[in-house]
Amino acid sequence: MPTVSEHTGSIAGQPVFWRTAPAPAAAPRAPVLYVHGVPTSSDDWLPFLERTGGIAPDLPGFGRSGKRGDGRYTLEGYPDWLEVFLEALGVDRLRLVVHGWGALGLVLAQRRPERIERLVVLDAVPLLAGYRWHGLARLWRLRGIGEAAMGAITRPTVRALLRRATPRPGSMPDWFVEQVMEHLDAGTQRAILRLHRSAPPATLAAAGAGLGSLRCPALVAWGERDPYVAPAFAGRYADALGGPAEVLRLPDAGHWPWIDRPDLVDTVAAFLTAPA
């Protein structure tokens, strides 16, 4: 099992935290890039890194990375940052895994689709027509009201909100709630608000206009009890991609499907480490 290492540095003018792990000996050469969603961090990807190796940054504004007040926490700014990040690490070709708002990685992928060897999409924000933000996100998009909603966040409210994200009795595991709370400070709250405000539905759809240029093999896995993104978007993502795409529907999983279905880690690992 690969050892996961932690790194810090300065990229694009602000501190960055990221994790890496070496690929298994028999794995393809191109590293796996894992892009997390909201409101989490590279913590999401630890079980995957241990299986596949790869690279998992804390996006600016999240986790242990910098949270500057003037950061470009937007649908356009994050792909630009990912491009600079990969260049700093000397990464060209890659295998890509995205979850939730990690769909920002798909925006980057469309810029140079030939560099993506394999793609995994997990309950990702739809860069597709027809999506409408869930209720909490609609509040975040309202100026003043969004700030008030963020200011009211406490551990009990986070636990209650995460209860909707899983079909399991009770709530998300305690360790997951604590992981979220550890980094959900004012800087992360600001990044979440700016990101959602940069992405009305029409802008999201336009950002996915080039998904058909991604002709690599893809796996689209979806928790069908996801309260934030309807499972119908799994098939729609697969249809929009230009290469062979397998859809894996998980009827007993929510928004973070590998929490409810730990075997999904094995499935993703097997897909990513298949020959290019």
Side-chain angles (χ1 to χ4, degrees), residues 2 20-37 44-45 47-57 79 82-83 85-86 89 91-128 204-205 207-224 226 229 231-251 253 255-258 261-276:
T20 63
R29 290 184 181 178
V32 183
L33 174 67
Y34 289 96
V35 188
H36 69 81
D44 279 352
W45 302 121
F48 294 88
L49 289 169
E50 291 169 352
R51 288 294 312 279
T52 68
I55 306 163
L82 283 168
E83 199 154 23
F85 174 73
L86 291 174
L89 269 60
V91 174
D92 184 31
R93 295 185 65 82
L94 63 140
R95 300 188 170 208
L96 178 63
V97 181
V98 303
H99 170 256
W101 257 119
L104 296 158
L106 295 175
V107 179
L108 172 69
Q110 292 170 76
R111 296 178 179 179
R112 285 183 53 201
E114 73 282 356
R115 76 192 299 193
I116 311 300
E117 292 188 356
R118 285 194 168 239
L119 171 65
V120 178
V121 179
L122 305 171
D123 292 70
V125 168
L127 305 182
L128 301 162
L204 283 176
L211 287 171
S213 66
L214 297 172
R215 304 188 184 280
C216 62
L219 172 65
V220 182
W222 218 271
E224 295 205 310
D226 188 333
V229 190
F233 283 102
R236 293 195 55 197
Y237 254 123
D239 291 342
L241 296 169
E246 174 188 355
V247 177
L248 176 61
R249 301 182 186 277
L250 303 167
H255 184 64
W256 284 269
W258 63 92
R261 287 281 302 272
D263 60 301
L264 180 60
V265 177
D266 293 332
T267 301
V268 169
F271 175 81
L272 288 172
T273 54

J.: Would a 4.5 Å heavy-atom cut-off, applied to side chains only, mark Leu264 and Leu248 as touching?
T.: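 Leu264 vs Leu248: side chains touch.
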
J.: Enumerate the residue pairs fulfilling salt bridge (Lys or Arg N to Asp or Glu O under 4.0 Å) with a member in residues 210-223, sequence neighbours excluded, ordered by first and then second residue.
T.: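 Applying salt bridge (Lys or Arg N to Asp or Glu O under 4.0 Å) to every pair that reaches into residues 210-223, excluding sequence neighbours, yields nothing.
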
J.: If we only count heavy atoms from C-beta on, is the Asp226 to Pro257 side-chain gap below 4.5 Å?
T.: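 With C-beta onward as the side chain, the pair stays apart.
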
J.: Provide the full list of salt bridge (Lys or Arg N to Asp or Glu O under 4.0 Å) pairs with a residue in residues 232-244, sequence neighbours left out, each pair given once.
T.: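 Sorted pair list comes back empty.
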
J.: Check Ala109 against Leu96 and note the closest heavy-atom contact, atom names and distance.
T.: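 Heavy-atom minimum between the residues: CB-CD2, 4.0 Å.
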
J.: Looking only at non-hydrogen atoms, find the nearest pair between Pro24 and Thr52 and report the distance.
T.: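 Taking every non-hydrogen atom into account, CD-O, 3.4 Å.
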
J.: Could you tell me whether the side chain of Leu106 reaches within less than 4.5 Å of the side chain of Leu119, counting heavy atoms only?
T.: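 The answer is yes; the side chains approach within 4.5 Å.
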
J.: For side-chain contact (heavy atoms from CB on, under 4.5 Å), just list the numbers for Ile55 and Phe85, CA-CA rounded to whole Å, side-chain angles, deciding distance to a tenth of an Å, and then say yes or no.
T.: CA-CA 11 Å; Ile55 306 163; Phe85 174 73; 3.7 Å; yes

J.: So, the side chain of Arg115 versus the backbone of Val91: is there a donor-acceptor pair under 3.5 Å, distance only?
T.: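 Checking the backbone N and O of Val91 against the side chain of Arg115, a donor-acceptor pair under 3.5 Å is found.
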
J.: Please work out which of the three classes, parallel, tilted or perpendicular, describes the rings of His99 and Trp256, given edges at 30° and 60°.
T.: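 It falls in the tilted class, 30° to 60°.
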
J.: Roughly how far apart are Glu117 CD and Arg93 CZ, rounded to 0.5 Å?
T.: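 Nearest 0.5 Å value for the CD-CZ distance: 4.5 Å.
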
J.: Taking atom OG1 of Thr20 and atom OH of Tyr34, what is their separation to the nearest 0.5 Å?
T.: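 Reported value, rounded in 0.5 Å steps: 12.5 Å.
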
J.: Using the side chain to side chain donor-acceptor pair (under 3.5 Å) criterion, which residues pair with Trp45? Sequence neighbours excluded.
T.: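 Not a single residue meets the side chain to side chain donor-acceptor pair (under 3.5 Å) criterion with Trp45.
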
J.: Give, for atom CG of Leu211 and atom OH of Tyr237, the distance between the pair rounded to the nearest 0.5 Å.
T.: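 Output value for this atom pair is 6.5 Å.
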
J.: Side chains of Arg112 and Asp92: closer than 4.5 Å at any heavy-atom pair?
T.: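 Result yes, sub-4.5 Å side-chain heavy-atom pair found.
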
J.: Taking all atoms of both residues into account, what is the closest heavy-atom pair of Phe233 and Leu128, and its distance?
T.: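 Scanning both residues completely, I find the closest heavy atoms to be CD2-CD1, 3.8 Å.
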
J.: If you look at every heavy atom in Leu204 and Pro126, which pair is closest and at what distance?
T.: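 Distance-wise, the nearest heavy atoms are CB-O, 3.7 Å.
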
J.: So, taking the atom named CG in Leu219 and the one named CG in Leu122, what distance separates them when rounded to the nearest 0.5 Å?
T.: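 Rounded to the nearest 0.5 Å, the CG-CG separation comes to 7.0 Å.
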
J.: Under the criterion side-chain contact (heavy atoms from CB on, under 4.5 Å), I'd like the reasoning laid out for Gln110 against Leu127: C-alpha separation, chi angles, the key distance, then a yes or no.
T.: CA-CA 11 Å; Gln110 292 170 76; Leu127 305 182; 4.2 Å; yes

J.: Between Phe48 and Val97, is there a side-chain heavy-atom distance shorter than 4.5 Å?
T.: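 They are not in side-chain contact.
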
J.: What's the shortest heavy-atom distance between Val98 and Gly105, and which atoms?
T.: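 Result for this residue pair: CG1-CA, 4.3 Å.
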
J.: Taking the side chain as every heavy atom from C-beta outward, state whether Cys216 and Arg118 have any pair of such atoms under 4.5 Å apart.
T.: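 Not in contact.
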
J.: Quick check: does any side chain N or O of Arg249 sit under 3.5 Å from a backbone N or O of Pro231, one acting as donor and the other as acceptor?
T.: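 Yes, because the side chain of Arg249 sits within donor-acceptor range (under 3.5 Å) of the backbone of Pro231.
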
J.: To the nearest 0.5 angstrom, please state how far the CH2 atom of Trp101 sits from the CG atom of Asp123.
T.: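 If we round to the nearest 0.5 Å, Trp101:CH2 and Asp123:CG are 15.0 Å apart.
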
J.: Is there side-chain contact between Leu94 and Leu86, with heavy atoms separated by less than 4.5 Å?
T.: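 Answer yes - side chains close enough.
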
J.: Starting at CZ of Arg95, measure out to CD1 of Ile116 and round the result to the nearest 0.5 Å.
T.: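 So the CZ of Arg95 and the CD1 of Ile116 are separated by 11.0 Å.
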
J.: Locate the shortest heavy-atom distance separating Pro113 from Ser213; write the atom from each residue and the value.
T.: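 That closest heavy-atom pairing would be CB-O, 3.2 Å.
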
